[in-house]
Number of protein chains: 2
Amino acid sequence: MTSQTKAADAPGTRDRVVRAASLLMQRQGYAGTGIKQIAQEARATLGSVYHFFPGGKQELAVAAIQHGDREFAEALSEALGAHDDPAEALTALCRTLADGLSASDWADGCPVTTTALGTAGRAPDIQAAAAEAFARWRELVEQKLRASGIGAHDARDLAHTVISTLEGAELAAQVSRSERPLTAAAHHLGRLLSLYR
Amino acid sequence: MTSQTKAADAPGTRDRVVRAASLLMQRQGYAGTGIKQIAQEARATLGSVYHFFPGGKQELAVAAIQHGDREFAEALSEALGAHDDPAEALTALCRTLADGLSASDWADGCPVTTTALGTAGRAPDIQAAAAEAFARWRELVEQKLRASGIGAHDARDLAHTVISTLEGAELAAQVSRSERPLTAAAHHLGRLLSLYR
DNA sequence: GTCTATAATAGGATAGAC
DNA sequence: GTCTATCCTATTATAGAC
């Protein structure tokens, strides 16, 4: 056991590389991010990067997306766990997303979308990792909706729309440099959910 | 007047270049698309591309986004004009989007998002063009909602969420390679709008 | 595991003939 | 307006010493 999983204290080289890759690809996309830039940002040498990721840039992108997957899943779980009412939880999450966006001057949006979109259709590994991320987030929402008393079929469909709306609102907020899409999304998702119980 | 605007018959070199740039950047992103590739796809030479776009890749990206802006605005206007009920119009639009995605094997998503995300924060011209596109689409929806009897304030907020949800659903559909997010979005947007009249 | 050097290729952009 | 040739830089990836 070489502690691949988590390292809260003194992250190892591999972790630093993954984190740097995730952040840079989130901001600049897959093609716009160079491996040398990742190595520099992670305070690692090029040799170390290829030591941990012999598959090169593609393998690195998969790890970066999986990192973003866990990151967003944690934010989502935290919000859902802190409120009994799903609508209140989504409002809190939208606030978190809006704060993160404006604090980064609208640079840090979804940690999966930018990387996934730039490689759509031409990198099956990356596409699959992104699809798994969306599916995981959707399942978290679906479980919460079912726990709040919404029927199985409705909960499944609604989870799709909740994730779509959150993603779209974060995207629109980033492009428009405004929190408005996120506050509107929180309000309307609450209204929508109120129809189903 | 050298007919810069539209040319339904025998598109000129400039038009072919803009169209190729828009399509390629939509699929591969800004950094992932080379000017040489654009020239080749448009059956133009590199010299011609730089003749029409002396500002280089950035100027070309702005023109590509503006092209995508008009493209989506036309699809939106067509759907909104064909149905009195906004909910029915959005359902029809989601069908159009889903058909376009699956017909292109999930390659052709929003013609603005991919380009805009990959350059967020580092190319003000491109960012501004993308923001204008989102604002235009939102206004088209807002006008339709007001015409259907929804109050000014509600219509403005709802237009934000309609665009966010459409964008997010198209994104989720592309990443997941499934029409499900778009059909769910159409259904739930209809339910949401039914609360406001 | 880490580091430097380098190979092989592709990128954006320019010059100037036609 | 179109075309070709070319400059300069950056890119991914590898080799091999330590």
Side-chain angles (χ1 to χ4, degrees), chain A residues 1-5 7 9-22 24-25 27-65 114-115 118-119 122-126, chain B residues 1-5 7 9-22 24-25 27-65 114-115 118-119 122-126:
Chain A
M1 186 190 291
T2 32
S3 81
Q4 301 175 340
T5 45
D9 47 333
T13 303
R14 205 197 119 102
D15 271 8
R16 292 202 314 277
V17 169
V18 171
R19 270 198 260 262
S22 181
L24 289 172
M25 286 186 181
R27 292 179 173 170
Q28 307 172 345
Y30 177 79
T33 301
I35 294 189
K36 285 181 181 172
Q37 188 186 12
I38 293 172
Q40 186 174 356
E41 190 77 13
R43 284 169 300 128
T45 60
L46 201 57
S48 294
V49 174
Y50 277 98
H51 169 76
F52 288 111
F53 300 94
K57 200 178 185 180
Q58 285 209 14
E59 185 183 350
L60 196 39
V62 171
I65 284 193
T114 309
T115 310
T119 60
R122 287 168 307 139
D125 293 354
I126 300 176
Chain B
M1 187 191 290
T2 32
S3 82
Q4 300 176 342
T5 45
D9 46 334
T13 303
R14 204 196 121 101
D15 271 8
R16 291 202 315 276
V17 169
V18 171
R19 271 199 259 262
S22 182
L24 289 172
M25 287 187 180
R27 293 179 174 172
Q28 307 172 342
Y30 176 79
T33 302
I35 295 190
K36 289 177 183 173
Q37 187 187 12
I38 293 172
Q40 185 173 357
E41 190 76 14
R43 285 169 300 130
T45 61
L46 202 56
S48 294
V49 173
Y50 277 98
H51 170 75
F52 288 111
F53 300 95
K57 200 178 183 179
Q58 286 208 14
E59 186 183 349
L60 195 41
V62 170
I65 284 193
T114 310
T115 310
T119 60
R122 287 169 306 139
D125 293 354
I126 299 176

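First the proteins, then the strands, lettered A, B, ... as listed; each starts at 1. Since the model is a prediction, treat every value here as computed from it, not as a measurement.
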>> Treating primed atoms plus P, OP1 and OP2 as sugar-phosphate and everything else as base, which nucleotides of nucleotides 3-17 of chain D get B, S or - for protein heavy atoms under 4.0 Å?
In response: B-------BBBB---
>> Quick check: closest heavy atoms across B:S22 and B:A64, and the distance to 0.1 Å?
In response: OG-O, 3.4 Å
>> Could you report the tightest heavy-atom contact between A:R16 and A:P11, atom names first, then the distance?
In response: NH1-O, 3.4 Å
Pair up each side-chain donor or acceptor in residues 50-58 of chain A with any protein partner under 3.5 Å, not counting sequence neighbours, and list the distances.
residue	atom	partner	partner atom	Å
A:K57	NZ	A:Y30	O	3.0
A:K57	NZ	A:T33	O	2.9

Using atom types as modelled, flag every donor-acceptor pair under 3.5 Å from a side chain in residues 35-48 of chain B to any protein atom, sequence neighbours excluded.
residue	atom	partner	partner atom	Å
B:T45	OG1	B:S48	N	3.4
B:T45	OG1	B:S48	OG	3.2

> Excluding sequence neighbours, so at least two apart, what forms salt bridge (Lys or Arg N to Asp or Glu O under 4.0 Å) with B:R27?
Replying inline: B:D108
> At what angle, to 10 degrees, do the two end axes of the helix from C:dG1-D:dC18 to C:dC18-D:dG1 meet, given five pairs define each axis?
Replying inline: 0°
Any chance you could measure [X], atom [atom1], to [Y], atom [atom2], to the nearest 0.5 Å?
X	Y	atom1	atom2	answer
A:T115	A:I65	OG1	CD1	5.0 Å
B:L24	B:L60	CG	CG	10.0 Å
A:T119	A:M25	OG1	CE	9.0 Å

> B:Q40 has an atom CD; how far is it from atom P of C:dG11, in whole Å?
Replying inline: 10 Å
>> Measure CD/B:Q28 against C1'/C:dA10 and give the value in whole Å, please.
In response: 14 Å
